[in-house]
Student: 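Sharing a structure, written as structure tokens. Questions coming.
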Amino acid sequence: MKFNTKAIHGGQHHEKVTGAVMPPVFQTSTFAQVSPGQPVGEYEYSRAANPTRQALEDALASIENGVRGLAFASGLAATDCLLRLFKAGDEIIAMDDLYGGTYRLFTRLYKDSGIKFHFVDMNDLEGFQKLINENTKLVWVETPTNPLMKLADIAAIAQITKKHNILFAVDNTFATPYLQKPLDLGADIVMHSATKYLGGHSDVIAGALVIKDKTLGDELHFKQFATGGTLGPMDSFLVLRGIKTLHLRVQRHCENGEKVAEFLQNHPKVERVYYPGLENHPFHEIAKKQMIGGFGGMVTFTFKSGAKQDAISFLEKLKVFTLAESLGGVESLANHPALMTHASIPEDKRKEVGITDDLVRLSVGVEDAEDLIEDLKQALA
Ligand SMILES: Cc1ncc(COP(=O)(O)O)c(C=O)c1O
């Protein structure tokens, strides 16, 4: 099956009793048993499994080409579940530009866990390999990154992690499985903030893990069941509905993203545009290699003045773009990472990686590109 067909049918079947084409929202915590330990059907308790969540999890596995999907109450709950594979003394190598909440989870929540985190430039493959030792258990990358649109070469990193028998996880939130398939490129686990493009309509908080290996999938399912950060039936239904139009939405996000990036690149008040589709983007060649069919709808830029106040005034003047956290919905959103999504990263760290106070991140939606550009034009003016 090709991707567009998978987005609609992958892992799906009609509901057994009524033939409903969409799985009903099985809004139930528990399932009847005929005798102790003998449920009527295959389900017992919704923290372990629920038919609506199962339908979503099967769809997730299908579109990411994995063997098992797991749906969580948020992207961070998914990442937290993955981290439970590791123990004191283990080391994790992560990319040096990450979503602020992921960084906060690694550095604050797991601070006293005894797990050591390294944050490195994943494009310096030599430097990265020097950090690997017998305690290294996981490599974690986000590509493209939030908000600086840095890329990591998934296939090249996978060759190294395979050689050293280290797990390799990719946060595929920005690219979506429509554009990029980390498991096909050699990663072991894909993570999503399904809140974003998978849900696609800014109406749900959800997360996902998709795993390539059955044993690891079972182990993670056990951890999910035992800790309970699962996605509810209604939210599972919403993400599943979102996935059915993922390919259509992402095509338009890419078209609009490219137009917005080009407009900004030629604007006299704009200093630098971070968009992997631009030829002058430092990782454009990697993007062409691993993002098939487009470069996404996320565009970040800075001001010639370098002034924080210019970024703030611009954001206050937007009319079609909404100033809000999050991304990946049908509507265009704008965000000031230093004051909003990445405020949890200490200021010196932010400056070190390039999250400056004049940096603005746009999630370009699927409206008419002309309206979006007019809006940017008036706000920049
Ligand atoms: C790239 C990325 N990963 C993970 C997350 C965390 O996901 P959630 O907000 O669903 O917990 C986000 C949220 O913005 C994100 O942008």
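The model shown is predicted, which means the values in this text are computed figures rather than measured ones. Along the sequence shown, the residues carry numbers beginning at 1. Note: hydrogens, waters and symmetry copies are ignored here, and every other heavy atom, side chains too, is used. Read the numbers this way: they start at 1 and go in the same order the structure lists the ligands and their atoms.
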Student: Test of understanding: given a 4.0 Å heavy-atom threshold, classify the contact between A194 and ligand 1 as side chain, backbone, both, or neither.
Tutor: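 Near ligand 1, A194 shows nothing, with every heavy atom at 4.0 Å or more.
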
Student: For the residue pair E262 / N266, report whether a side-chain donor-acceptor contact shorter than 3.5 Å exists.
Tutor: no

Student: If you measure every N/O of G75 against every N/O of ligand 1, is any gap under 3.5 Å?
Tutor: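 Among all N and O atoms of G75, at least one is under 3.5 Å from an N or O of ligand 1.
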
Student: Atom 10 (O) of ligand 1: which protein heavy atom is closest, and how many Å away?
Tutor: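 Of the protein heavy atoms, T195 OG1, 2.7 Å lies nearest.
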
Student: Considering only heavy atoms of E142, which atoms of ligand 1 have at least one such atom less than 4.0 Å away?
Tutor: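 The atoms of ligand 1 under 4.0 Å from a heavy atom of E142 are 1 (C).
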
Student: Salt bridge check, K87 against D90: does any charged N sit closer than 4.0 Å to a carboxylate O?
Tutor: yes

Student: Answer yes or no: is there a side-chain heavy-atom contact under 4.5 Å between L148 and L359?
Tutor: yes

Student: Looking at atom 14 (O) of ligand 1, what's its closest protein heavy atom, distance included?
Tutor: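 Nearest neighbour among protein heavy atoms for atom 14 (O) of ligand 1, to 0.1 Å: K196 NZ, 2.7 Å.
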
Student: Any atoms of ligand 1 less than 4.0 Å from a non-hydrogen atom of A206? List them with their elements.
Tutor: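 The list of qualifying atoms is 10 (O).
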
Student: Closest by any non-hydrogen atom to atom 16 (O) of ligand 1: pick that one out of V204, L76, N146.
Tutor: N146

Student: Between T322 and E331, do the side chains contain an N or O donor and an N or O acceptor separated by less than 3.5 Å?
Tutor: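 No, because no side-chain N or O of T322 sits under 3.5 Å from a partner of the opposite role on E331.
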
Student: Is atom NZ of K214 surrounded by more than 12 heavy atoms (other residues, nucleotides or ligands) closer than 6.0 Å?
Tutor: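 Check fails, neighbour count at 12 or below.
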
Student: Quick one: does ligand 1 sit under 4.0 Å from the side chain of D171, the backbone, both or neither, non-hydrogen atoms only?
Tutor: side chain

Student: Using a strict cut-off of less than 4.0 Å between a Lys/Arg side-chain nitrogen and an Asp/Glu carboxylate oxygen, indicate whether D357 and K351 qualify as a salt bridge.
Tutor: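 Salt bridge: yes.
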
Student: Looking only at protein heavy atoms, which one is nearest to atom 5 (C) of ligand 1, and what is the separation?
Tutor: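 Its nearest protein heavy-atom neighbour is Y99 CD2, 3.3 Å.
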
Student: Which atoms form the tightest heavy-atom contact between M149 and D97, and what is the distance?
Tutor: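 Closest pair (atom of M149, atom of D97, distance): N-OD2, 4.4 Å.
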
